[in-house]
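Whatever order the structure lists them in is the order used to number ligands and atoms, beginning at 1.
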Amino acid sequence: MQDFSTCRPILNNSRRMLLLASSILLAACTTSTAQVSNGKAATATTIAANAKSVSQLDLDDPQDFKDATRGLIASPENIQIPSMADPQEYVWDTKAYNFIQGEAPDSVNPSLWRQAKLNNIKGLFEFRPGIYQLRGFDLSNMTLIKGDTGWIVIDPLTSKETAKYAYDFAMKHLANRYPDMSSNISAVVFTHSHIDHFGGALGILSQEDIEKNNIPIIAPSGFMEEATSENILAGTAMLRRSSYMYGKNLPRNEYGHIDSGLGKGPAFGQFSIIEPNILVGKTPTNLNVDGVDFQFQYTPGSEAPAEFTFYLPEYKVLSGAELVSRNMHNLYTLRGAKVRDALKWSNYIEEARTQFGDAEYYFASHHWPMWGKDSIQNFLKQQRDTYKFIHDQSLRRINKGMTPGEIAEDITLPPSLASEFSNREYYGTIKHNARAVYQNYIGWYDANPAHLDPLPDPQRASAYVKLAGGGSKVMEQAQTSYDEGNYRWAAEILNHLVFDDPSNMAARELLAKTYDQLGYQAESGPWRDSYLTGAKELREGTPDAGVEMSAMRDVFLQTPVSNFFDALSVRLKSEEANGLNTNLKVHFTDKNESYLLWIENSVLHYRLIDSTEATQKAVQTTLNLTHPLFVDLLIGKVTFKEMLSSADSKIEGNQANLITFFSLFEAPDPSFAIVLPD
Ligand SMILES: [Zn+2]
C-alpha cells in the first residue's frame, strides 16, 4: 500500500543483520503536512459527547493564555527548522498548526483544542529578569538563566537542529538587553533522562568547548545509563508504537494530528548527548553554578528513571522539570514502557511542595510558567493528589476484586481535581493510568482462568465471526452499533471481523470510521492520534517505514557497547542455534576492550575479558574494530562487507565462523502490523 510518510527504509536486510540498535524511541522521520485527509465528518453522537465532556469546564478561562503569553520578547511568525540530514524537510514546522484558531471544529474535543491553542503559543519569553524561556521550538522548553560569565542552559531540546535555532533566536533578541554579555554557555543542566531534554545538546555546544572551558554539565545520577539504555531492548516496538501515540504519519488538520497534550510533538532531527561531569544523587544538593545558587531535589523513578527538580533561592523560582506539568501525565505511556510508580511520584511532589515552599515562581520543562505562591502551592497539591488518587482508588478497587477494565470504567477524578485544566487528560488518561496501577501491583493476569490461556487473537476472531453467523451478520450488527453511536462495541466486533479477513475492505472502512469518531472524542492527544493512526492504516495498509538510525550516531557513540550486546541477545534466532556451541571475540582497538560472545542452550552470552584470560585459547574468531566503525555498522552507515574490508577492522581466525555467527541474528520489524493481523 502507498506510504505517505517521508520515513524511508535505508537499510536492506543484509545491512540490518547487524543493526543491533534500531531500538530507540525516536526515529528521524519527518511527516509531510500535505497529506490528503481521510477525515470523515463528526457524527451527532460525537458532537454531543464532546459538548458533554467539557460541560464542567470554563473553556473561556483566560488565565492559562495570560500565563502562556506573559513576558513575550519576540515570537517568530512561523518556525520552520530544516533537517540537517535532508534540508528539504523540516524537523519542526509550526506553520502546519496555524489552522488551530477560534472555536473547536466538531472533529476535535474542545478541551484538547484549547490545549492545542496554548501549545501553539511560541517565542522567547522573559520569565523573571535574568531567566528566559524558549517555548514552541520543540516538544519541550529550553530555559536560559543568566550566570556571571554566560548562559546556564536548562534542557537543550530534542534535536541539534531545534536547539541551535532556539538558542540563536534567544541570543539575537537578548543581545541588546545584555550588551556586555557574550553568548557563551557557562553550564548545561539536563533535568532528566528523556531525549526531549538532552538530544539537542551538541547543537549548541561542542565537546571541545566543554573541555576547553571546563563547562559544568549537570544531570541526575543514573542519567547517562538511563538515557542510553532505557529503550534499547524493546525499542523497535516502542518506536513503531510511538508513531501511533504521536500521530507521526497523520496530516496536520482538524481530522488529523493537532497536539500531543505535552506540546505539539517530538522534533525528529539529529539527536545527541553529552556526558555529565556533575551528578546529583541526593536531596538536597546545593550547588553554585556560575554565580547562581541551585538546590536540587533528586526524584529517580518518578516520571523518568533519572530526574531532578531544583529551586533557585535568590529568585524564589521552582523548576518542576517534568515531575509536574499542565496535564495529567502518563503512569503508562501508550508507546509502551515500564509503568511508573504513582505513589512515589505523588510523594516527590509533596516533598517539592514542602521543601521549596517559598517558591513564588514556577517553570517546567513543558508548558508555560506560573506566578504566585498560592497558585503554585495549589497546583502542586492538585498534581500530587491526582496521582495519589489514581493510585489509592485503583488499589481500593483491586482489593474488591475488580479487573483492570472494570476499574478503568469505574474510576473518575473527584470534581475538585477534574475541574483543573492542569489535571486534564491531555497526555495521560485516568483509564489507562488506572490500568497502569493494576499492572504495577498485580501484573497481566486478572485471576480468571478463562483468561489464563485463551485462544490467540486471530483464532478467537474467526471463532467469534463464525459464532455470530458469518461476516455479513457481524457487519450488520456493527453498522447498527455505529449508527447508534456505540463505537466501542462496533470497534470490538469489527476488529474481530478484520482479523478474521483483512481483505474485507468494507469492514476495514467501517472500523476506520469508528476509530475516527473515537479519535474526535478523545481529550487526550495520544488517544486521538492512536485512533486516527489506526484508521489511516486500515484504509491505506501498514506503512513500510524504516528507521533512520544515523540520526542517533552521536548518542550511540556515548552508549556503552555492552548495551548493544544485550540488544543482540534478544535477536537470536534460537531455533537455528539449537545445539550450537559457538563463540566470537570482539576487540575494540581504540578502547582496548575485549568481549567474548558465546552461544549456549540457544542463549547468547557476553562478558568483558582481559587479553590474558585463558578462555581466549578457545576463541574461534576475533573481530578487531574501532568503536566508531562498530557504531557505523549498527546505524547502517557501512555494510557488513564494507566493515570487513575497512582499514579499521581485522579478522583473526575463521572468517566463515564470523559470518555464520552473525547470520544467527534477525533484524526486528520496524513496521509490524497493528490494526491488521499481518
Ligand atoms: Zn519531556
*Asks:* Return the set of residues passing salt bridge (Lys or Arg N to Asp or Glu O under 4.0 Å) with Glu350 (not counting sequence neighbours), or none when no residue passes.
*Replies:*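 For Glu350 the salt bridge (Lys or Arg N to Asp or Glu O under 4.0 Å) partners, ignoring immediate neighbours, are Arg353, Arg384.
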*Asks:* Among Asp64, Thr69, Asp259, Ile100, whose side-chain contact (heavy atoms from CB on, under 4.5 Å) with Leu118 holds?
*Replies:*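 Answer after filtering Asp64, Thr69, Asp259, Ile100: Asp64.
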*Asks:* How many angstroms lie between atom CG of Asn119 and atom OH of Tyr97, to the nearest 0.5 angstrom?
*Replies:*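 The OH atom of Tyr97 is 10.0 Å from CG of Asn119, to the nearest 0.5 Å.
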*Asks:* For the atom pair CD (Glu523) and CZ (Arg424), what is the distance rounded to the nearest 0.5 Å?
*Replies:*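 It comes to 4.0 Å.
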*Asks:* Using 2.8 Å as the cut-off, count the protein N, O or S atoms closer than that to the Zn ion (ligand 1).
*Replies:*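 Those protein atoms number 4 in total.
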*Asks:* Among Lys264, Gln80, Arg252, which residue satisfies the side-chain hydrogen bond (donor to acceptor under 3.5 Å, both in side chains) criterion with Asp93?
*Replies:*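 Checked Lys264, Gln80, Arg252 against Asp93; only one passes side-chain hydrogen bond (donor to acceptor under 3.5 Å, both in side chains): Gln80.
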*Asks:* Classify the angle between the aromatic ring planes of Phe127 and Tyr361 as parallel (below 30°), tilted (30 to 60°) or perpendicular (above 60°).
*Replies:*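 Phe127 vs Tyr361 ring planes: perpendicular.
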